[in-house]
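Below: the structure, in structure tokens.
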Amino acid sequence: MRLRKGRRQEAGRLPGADECPGAPAATPGLAVELRGVRRRYGRGAGAVHALAGVDLALPRGTFTAVMGPSGSGKSTFLQCAAGLDRPSAGSVRLGGTEITGMSENALTELRRSRLGFVFQAFNLLPSLTVEQNVLLPMRLAGQRQDRGRAAEVLARVGLADKARRRPGELSGGQQQRVAVARALVTAPDVIFADEPTGALDTGTAAEVLGLLRHAVDSLGATVVMVTHDPAAAAWADRVLFLADGAFADHLERGSAERIAARMAALTGRTRAAAGAVAGAGVAA
Ligand SMILES: Nc1ncnc2c1ncn2[C@@H]1O[C@H](COP(=O)(O)OP(=O)(O)O)[C@@H](O)[C@H]1O
Ligand SMILES: [Mg+2]
């Protein structure tokens, strides 16, 4: 792990990462700020450094994709950035709010009222109608369930006529569009998407990605999406590449081809480094 220090230092120079060096106050206009975030699993010799010092600053109204080989820390990153997991060190700010020391209750409240989530498996409640699913974040946050607002976001995702249906009556693509509507309903500071197109065919995936793109461009939403699919990542403004728990590379407005090539290079480097470590007789 130590052998890859050079790449970790590069991560510190990602655009935006050094916009407020050491500043204790939140930087205006940033939706997501991570400073020196580490997440270690286990202790001592067997410890795994799933995140090995991540710095990141994402302005509001941006669409960011996070890619990386299996085991590079994508899930851990998303969980820490979204307040679902606690870093071992470092700080996370969402919409200007420092969440690092927050109580579990306060974090839950913040997630419900100020974050949106879209998961690979849709995660809709099958016994609720589409409208009730969309209103769920408001209900859980103890807010007034604004049916007009639900109708508005359902119209945005092209499902105005499906409000009274149950998720099981809809196609996979339609269910994911409901999940996007649910993520939009509270006008959250950030929408976190974890492989949102992983269970969809290409055409349906493009529809869902188009909705996320549209949310960023026309509603000023901020989207952070983990994906393994270069075609999905190409919808983002910027792709960040994770390797061994640190950001190793990035690409602005890349095509699917360029993103795929960058991923291949990264995976090759990671393999080569692992080989070099093994060859040197040091435990990887
Ligand atoms: N709960 C856990 N306990 C121990 N190790 C874990 C745990 N979760 C993840 N890891 C390890 O952390 C590293 C990063 O995992 P993860 O964030 O799931 O990567 P990715 O999503 O990119 O595949 C991997 O080495 C993984 O084995
Ligand atoms: Mg994962």
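Residue numbers run from 1 in the order of the sequence given. Every number for a ligand or one of its atoms is a count from 1 in the order of the listing.
For the pair Lys74 and Asp194, the salt-bridge criterion is not met [side-chain N within less than 4.0 Å of a carboxylate O]. Of the charged side-chain nitrogens involved, none lies within less than 4.0 Å of a carboxylate oxygen, so that Arg111 and Glu109 do not count as a salt-bridged pair. Of the charged side-chain nitrogens involved, at least one lies within less than 4.0 Å of a carboxylate oxygen, so that Glu131 and Arg147 count as a salt-bridged pair.
Within a 4.0 Å radius of atom 7 (C) of ligand 1, the protein contributes at least one heavy atom. Distance check for atom 20 (P) of ligand 1: a protein heavy atom is found below 4.0 Å.
Residue contact check: Pro69 has heavy atoms under 4.0 Å from atoms 22 (O) of ligand 1. In the vicinity of Ser70, heavy-atom distances shorter than 4.0 Å reach the ligand 1 atoms 23 (O). Contact atoms of ligand 1 toward Lys74: 17 (O), 19 (O), 20 (P), 21 (O), 22 (O), 23 (O) (distance under 4.0 Å to a heavy atom of the residue). The distance from ligand 1 to the heavy atoms of Thr76 drops below 4.0 Å at these ligand atoms: 15 (O), 16 (P), 17 (O).
Counting protein heavy atoms only, atom 12 (O) of ligand 1 is closest to Ala50 CB, 3.3 Å. The protein heavy-atom contact nearest to atom 25 (O) of ligand 1 is Val48 CG1, 3.7 Å. Protein heavy atom nearest atom 9 (C) of ligand 1, with residue, atom name and distance: Tyr41 CE1, 3.4 Å. Distance from atom 18 (O) of ligand 1 to its nearest protein heavy atom, with residue and atom name: Ser75 CB, 3.7 Å.
Thr108 and Asn105 form no side-chain donor-acceptor contact under 3.5 Å, judged by distance and modelled atom types alone.
At least one N, O or S atom of Ser75, from either the backbone or the side chain, sits less than 2.8 Å from the Mg ion (ligand 2).
The two residues Ile191 and Ala221 make their nearest non-hydrogen contact at CD1-CB, 4.4 Å. The two residues Gln174 and Leu159 have their closest heavy-atom pair at O-CD1, 3.4 Å. Nearest heavy atoms, Ser72 versus Pro69: OG-O, 2.6 Å.
Between the side chain of Asn133 and the main chain of Leu125, a donor-acceptor pair closer than 3.5 Å is present.
Residue contacts with ligand 1: Ser72 is included, with a non-hydrogen atom under 4.0 Å away.
At least one N or O atom of Gly71 sits closer than 3.5 Å to an N or O atom of ligand 1. Geometrically, ligand 1 and Phe77 share no nitrogen or oxygen pair separated by less than 3.5 Å.
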Checklist entry - Going through the checks in order, is the salt bridge (Lys or Arg N to Asp or Glu O under 4.0 Å) test met by Arg93 and Asp189? => result CA-CA 11 Å; Arg93 277 204 192 96; Asp189 287 319; over 6 Å; no
